[in-house]
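All heavy atoms count here, side chains included; hydrogens, waters and symmetry mates do not. Model, not experiment: these values are computed from the prediction.
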Amino acid sequence: ECYSIFQDSKKYIFVGIESALMKFDGKTWEKIPLISKTEKFQPWCLTEDKKGNLWIGTYLGGLFCYDGNTVKDFSETISKTGDSYLTSVIDKEGIIYWGTLEGVFAYDGKTVTQFTEEDGMSSDLVYVIQFDDNENSLWVGTNQGLNKINLAEFRKSGKKIIEPYGKEEGF
């Protein structure tokens with residue numbers, strides 16, 4: 001079964017399969033094992049950072065970073081309790097955002113920031129995330145509706161401003 005697919009800047013094709021990643025160079029396939037505390041898990045989201053590292057978010061297996069040679073487990077660097085990273089995007093500054101079962105996590109290479117229901121989101125169960133054209137807002141789709149995170153204000157002041165759009169808002 002195939003759970004995700006991604007082409008990196010070097011034109012390699014990566015395919016997420018059960019508990020592993022397949023790398024295709026145009027001629028041959030290479031299996032890249034992902035070692036987790038969980039026996040069975042699926043790579044759901046793949047994102048490449050500015051350094052060419054491939055970030056592999058899984059359902060039930062945690063988060064990994066592949067530098068082209070070595071796979072490192074970043075699960076506890078981002079979330080101490082979560083093991084599912086369902087969707088991801090990276091902004092022009094290199095900040096990676098993951099949608100998880102615990103809200104949205106942002107990682108700039110040093111600091112982790114989490115956006116949750118406590119901050120105003122309609123739910124912590126995040127299925128999809130997408131920037132607007134100028135990356136001033138992050139749109140977050142959850143099981144309880146849509147949320148708009150004001151990234152421009154967050155970058156400027158650190159303040160978390162979230163607008164939920166659910167049934168009460170006509171969504």
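The heavy-atom pair separating Ile17 from Pro43 by the smallest distance is O-CD, 2.9 Å. Pairing each heavy atom of Val15 with each of Cys2, the nearest pair is CG1-SG, 3.4 Å. What you find for Ser122 and Thr142 is that their closest heavy atoms are OG-OG1, 3.1 Å. Here the closest non-hydrogen pair linking Lys23 and Gly68 is NZ-O, 4.2 Å. Nearest heavy-atom pair, Ser75 versus Gly61, reported as atom, atom and distance to 0.1 Å: OG-O, 4.2 Å. Taking each heavy atom of Ser84 and Leu60 in turn, the nearest pair found is OG-N, 2.9 Å.
Following chains of ILVMFWY side-chain contacts shorter than 4.5 Å, one can reach Val89 starting from Val126, so the two form part of one hydrophobic cluster. Tracing side-chain contacts under 4.5 Å through hydrophobic residues (I, L, V, M, F, W, Y), one never reaches Ile96 starting from Leu86; they form parts of separate clusters. Note on Ile129: it does not cluster hydrophobically with Leu125, by side-chain heavy-atom contacts below 4.5 Å among ILVMFWY residues. When hydrophobic clusters are built by joining Ile, Leu, Val, Met, Phe, Trp and Tyr residues whose side-chain heavy atoms come closer than 4.5 Å, directly or via intermediates, Phe24 is grouped together with Met22. Neither Ile95 nor Phe105 shares a network with the other; the hydrophobic side chains, linked directly or stepwise wherever heavy atoms of I, L, V, M, F, W or Y lie under 4.5 Å apart, form separate groups for each.
Atom OG1 of Thr100 is separated from atom CG of Leu63 by 10.5 Å, given to the nearest 0.5 angstrom. Interatomic distance, NZ of Lys148 versus CG of Leu138, reported as 11.5 Å (0.5 Å rounding). The structure places CG of Asn136 at 7.5 Å from CG of Asn150, a figure rounded to the nearest 0.5 Å. Note that the CG atom of Leu54 and the CD1 atom of Ile32 stand 8.0 Å from one another [nearest 0.5 Å]. From Leu151, atom CG reaches atom CZ of Phe115 across 6.0 Å, with rounding to the nearest 0.5 Å. Atom OG1 of Thr58 sits about 8.5 Å away from atom OH of Tyr85, to the nearest 0.5 Å.
For residues 119-138, the ring pair (Phe, Tyr, Trp, His ring centres under 6.0 Å) pairs, not counting sequence neighbours, are Tyr97-Phe131. Screening residues 67-77 for salt bridge (charged side-chain N to carboxylate O under 4.0 Å, His left out), with sequence neighbours left out, gives Lys37-Glu76. The salt bridge (charged side-chain N to carboxylate O under 4.0 Å, His left out) contacts involving residues 43-61 comprise nothing, where partners must be two or more places apart or lie in separate chains. Listed by first and then second residue, the salt bridge (charged side-chain N to carboxylate O under 4.0 Å, His left out) pairs involving residues 83-109 are Asp91-Arg155, Glu93-Arg155 (not counting sequence neighbours).
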Test log, rule side chain to side chain contact (heavy atoms under 4.5 Å, CB included), inputs Val140 and Ile162: CA-CA 10 Å; Val140 180; Ile162 301 171; over 6 Å; no

Side chain to side chain contact (heavy atoms under 4.5 Å, CB included) between Met121 and Ile149, worked out: CA-CA 9 Å; Met121 286 194 10; Ile149 298 174; 4.2 Å; yes

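Within 6.0 Å of the CD atom in Glu30, the count of heavy atoms belonging to other residues, nucleotides or ligands exceeds 12. Environment of NZ in Lys156: sparse, with no more than 12 heavy atoms of neighbouring residues, nucleotides or ligands closer than 6.0 Å.
Partners of Tyr165 by side-chain hydrogen bond (donor to acceptor under 3.5 Å, both in side chains), not counting sequence neighbours, listed by chain and number: Glu163. Residues meeting the ring-ring contact (aromatic ring centres under 6.0 Å, His included) test with Phe74, sequence neighbours left out: Trp55. Among residues two or more places apart in sequence or in another chain, the ring-ring contact (aromatic ring centres under 6.0 Å, His included) test is passed with Tyr12 by none. Qualifying side chain to side chain contact (heavy atoms under 4.5 Å, CB included) partners for Lys159, counting only residues two or more places apart in sequence or in other chains: Glu153, Ser157, Ile161. Applying the side-chain hydrogen bond (donor to acceptor under 3.5 Å, both in side chains) criterion to Thr47, with sequence neighbours excluded, gives Ser88. With sequence neighbours excluded, no residue forms a ring-ring contact (aromatic ring centres under 6.0 Å, His included) with Phe64. Applying the ring-ring contact (aromatic ring centres under 6.0 Å, His included) test to Phe41 and every residue at least two apart in sequence or in another chain returns nothing.
With Lys160 contributing its side chain and Gln114 its backbone, the two residues share a donor-acceptor pair below 3.5 Å. Although no hydrogens or angles enter the test, the distance criterion places a donor-acceptor pair under 3.5 Å between the side chain of Asp124 and the main chain of Glu117.
Side-chain contact between Tyr107 and Thr77: present, with at least one pair of heavy atoms (C-beta onward) separated by less than 4.5 Å. Looking at Ile13 and Ile5, their side chains come closer than 4.5 Å, going by heavy atoms from C-beta outward. Side-chain contact between Glu18 and Gln42 is present, with at least one heavy-atom pair separated by less than 4.5 Å.
In this structure, Tyr59 and Trp44 have parallel ring planes: the angle between them is below the 30° cut-off, well short of the 60° mark.
When hydrophobic side chains of Ile, Leu, Val, Met, Phe, Trp and Tyr are connected at separations under 4.5 Å, Ile35 ends up as a singleton with no cluster partners.
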